[in-house]
Amino acid sequence: MKNTIAVLVLSSFLAVTACNKNKAKESSSEKTENQIPEKFIVDSVKVNDSMKITDSLKLSFTSKLLVFPTIKDKKLLDSIYFQNEKITDFSKAGLQAYLDNEKNNYFNSVKNDNKDLASDITYAQDWYSSSHMNLISNTNGYMHIQYTGSGYEGGAHDNYGFSERVFDLKNNKKVELKDITSMPKNMIEAILMKNIDKINSGTMDGDGEVKNSEMLLVEKIPASDNFYFDNKNLYFHYSPYEIAAFAAGDITIPVSWEDLKGTLNAEFKERMKIK
């Protein structure tokens, strides 16, 4: 009888122990699964359409928005779509609906604002609106998006511009200059003036390539928020007319990490592996 009781007690003990081990294993498995970061996914939506307003005027609308289904932080999403404040639905379907609505608004606004175009335009013209979001890089948790926009509605030439933004996906925010360097802006601006001709725009005249510095419209180049970076430099990007004549095109000015030595943010320096 004693032996039977002992066997039953031992069996119960082993069953409880095995059960606890299984629960612990399941709990450990759940924790491990929860700690695995969600895979970064990027998709896009596009619109490309055109219509004739008159026999002489054709309108075109082209636009592309990136879609980030794994980004859930609304403040970060608002910052990513800063040029499109009316967006409230960040899903692929929501962004596609937004673009379709923007296309219709563009066509209707041009038609309503130019009702007498038939008598004013005597030769064929193509007017357009174009905007694109392009993912340039996603390195060390820093996502660089370039926003481009261009358009033409009569005049001597079309207009275009660029906006560069880098987002810190680790901390869910747009990267500011202060997150990179503590150097005062006036000192960065002096470096920008010194480095303006390091990447020429490629503008040519009868004597060959024209330097960026020869087409400046400003006495001081601002250290703007329109920047991005790679493992070698911090780059400031300026659209036509922003600091130079339209003929200069857009201008990019590099500022090396050596130029900013001693002022780099410690966390940024570590993540970018800057020596």
Side-chain angles (χ1 to χ4, degrees), residues 35-44 65-85 87 90 131-149 161-196 198-199 212 218 220-239 242-243 250-275:
Q35 288 173 354
I36 297 173
E38 196 168 9
K39 183 180 178 181
F40 178 80
I41 298 173
V42 60
D43 201 350
S44 65
L65 290 175
L66 297 177
V67 183
F68 302 98
T70 53
I71 295 180
K72 308 299 182 184
D73 188 275
K74 186 180 183 302
K75 188 175 180 181
L76 177 59
L77 288 168
D78 286 338
S79 186
I80 290 173
Y81 299 100
F82 74 105
Q83 293 180 316
N84 315 93
E85 295 178 353
I87 294 177
F90 300 105
S131 61
H132 292 78
M133 284 175 69
N134 296 305
L135 179 63
I136 305 300
S137 65
N138 182 17
T139 307
N140 301 320
Y142 293 115
M143 178 176 70
H144 172 201
I145 297 176
Q146 182 183 80
Y147 305 77
T148 64
F162 299 85
S163 182
E164 311 284 355
R165 283 200 163 202
V166 181
F167 300 94
D168 183 346
L169 299 183
K170 180 180 177 182
N171 296 302
N172 290 325
K173 67 173 188 174
K174 175 185 176 292
V175 176
E176 307 290 345
L177 266 181
K178 64 182 180 180
D179 300 318
I180 298 173
T181 176
S182 60
M183 181 177 284
K185 280 196 172 184
N186 64 316
M187 293 180 67
I188 297 176
E189 288 163 355
I191 296 172
L192 290 171
M193 188 64 78
K194 181 189 72 173
N195 293 351
I196 186 170
K198 286 199 170 183
I199 302 177
N212 294 333
V218 297
K220 180 176 70 173
I221 300 173
S224 70
D225 290 331
N226 204 25
F227 64 82
Y228 61 97
F229 49 82
D230 58 21
N231 61 336
K232 294 180 179 179
N233 301 297
L234 174 64
Y235 301 90
F236 291 83
H237 196 174
Y238 302 91
S239 296
E242 196 171 351
I243 63 170
D250 60 298
I251 294 175
T252 301
I253 307 176
V255 176
S256 71
W257 300 132
E258 186 64 27
D259 287 332
L260 299 172
K261 191 173 182 178
T263 70
L264 293 175
N265 177 286
E267 181 188 352
F268 174 81
K269 187 176 179 181
E270 182 180 353
R271 282 175 63 179
M272 287 299 295
K273 301 175 177 62
I274 300 170
K275 296 181 180 179

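Note that these values count all heavy atoms, side chains included, but never hydrogens, waters or copies made by symmetry.
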### Message
With heavy-atom distances below 4.5 Å as the criterion, would you say the side chains of Phe90 and Asp78 are in contact?
### Response
yes
### Message
I'd like to know if the side chain of Tyr147 and the backbone of Tyr81 have a donor-acceptor N/O pair within less than 3.5 Å.
### Response
no
### Task
Please name the pair of heavy atoms, one in Gln83 and one in Ser163, separated by the smallest distance, quoted to 0.1 Å.
NE2-CB, 4.3 Å
### Query
Do you know which two heavy atoms are closest between Leu66 and Leu135, and how far apart they sit?
CD1-N, 3.6 Å
### Task
Over all heavy atoms of both residues, which pair between Asn226 and His237 is shortest? Give the atoms and the distance, please.
ND2-O, 2.7 Å
### Query
Aromatic ring centroids of Tyr228 and Phe162 under 6.0 Å?
no
### Query
Which pair of non-hydrogen atoms, one from Lys174 and one from Asp179, has the smallest distance, and what is that distance?
O-OD2, 4.0 Å
### Task
With the side chain counted from C-beta on, respond yes when Met133 and Ser44 share a heavy-atom pair under 4.5 Å apart, and no when they do not.
no
### Task
State whether the side chain of Lys72 and the backbone N or O of Pro69 hold a donor-acceptor pair below 3.5 Å, judged by distance alone.
yes
### Query
CD of Glu270 to CG of Leu264: how many Å apart, nearest 0.5 Å?
13.0 Å
### Message
Quick check for you: to the nearest 0.5 Å, what is the distance between Lys185 atom NZ and Lys178 atom NZ?
### Response
10.5 Å
### Query
Where is the tightest heavy-atom contact between Lys269 and Lys275, given as atom of each residue plus distance?
CE-C, 4.2 Å
### Task
Using a 4.5 Å cut-off on heavy atoms from C-beta on, say whether the side chain of Val175 contacts that of Asp168.
yes
### Query
Can you name the closest pair of heavy atoms from Gly161 and Ser239 and give their distance?
CA-OG, 3.3 Å
#### Entry: Euclidean distance, Ile196 CD1 relative to Ile243 CD1, rounded to 0.5 Å
4.5 Å
### Query
Taking 4.0 angstrom as the limit, do Arg271 and Glu267 come out as a salt bridge?
yes
### Query
So, do Asp230 and Thr139 sit near enough that their side-chain heavy atoms are less than 4.5 Å apart?
no
### Message
Check whether Asn212 reaches the backbone of Ile199 with its side chain - one donor and one acceptor, N or O, closer than 3.5 Å.
### Response
yes
### Message
Taking Met183's backbone N and O only, do any of them form a donor-acceptor pair with Thr181's side chain (distance below 3.5 Å, no angle check)?
### Response
yes
### Message
Keeping Asn195 on the side-chain end and Ile253 on the backbone end, is there a donor-acceptor pair under 3.5 Å?
### Response
no
### Query
Out of Phe167, Phe227, Phe229, which one pairs with Tyr142 under the ring-ring contact (aromatic ring centres under 6.0 Å, His included) rule?
Phe229
### Query
Quick one: do the Tyr235 and Asn233 side chains pair a donor with an acceptor below 3.5 Å?
yes
### Query
Taking the side chain from Asp73 and the backbone from Leu76, do they hold a donor-acceptor pair closer than 3.5 Å?
yes
### Query
Out of curiosity, Phe236 CZ to Glu164 CD, how far, rounded to the nearest 0.5 Å?
12.0 Å
### Query
Between Asn231 and Lys273, does a side-chain contact (heavy atoms from CB on, under 4.5 Å) hold up when you go through it step by step?
CA-CA 8 Å; Asn231 61 336; Lys273 301 175 177 62; over 6 Å; no
### Task
Quick one: pull up OG in Ser224 and CD1 in Ile188 and give me the separation to the nearest 0.5 Å.
10.5 Å
## Note on the structure
So CE of Met143 and CG of Leu169: to nearest 0.5 Å the spacing works out to 5.0 Å
### Task
For the residue pair Ile221 and Tyr238, establish whether any side-chain heavy-atom pair is separated by less than 4.5 Å.
yes
### SB check Lys194 Asp259 (cutoff 4.0 Å)
yes
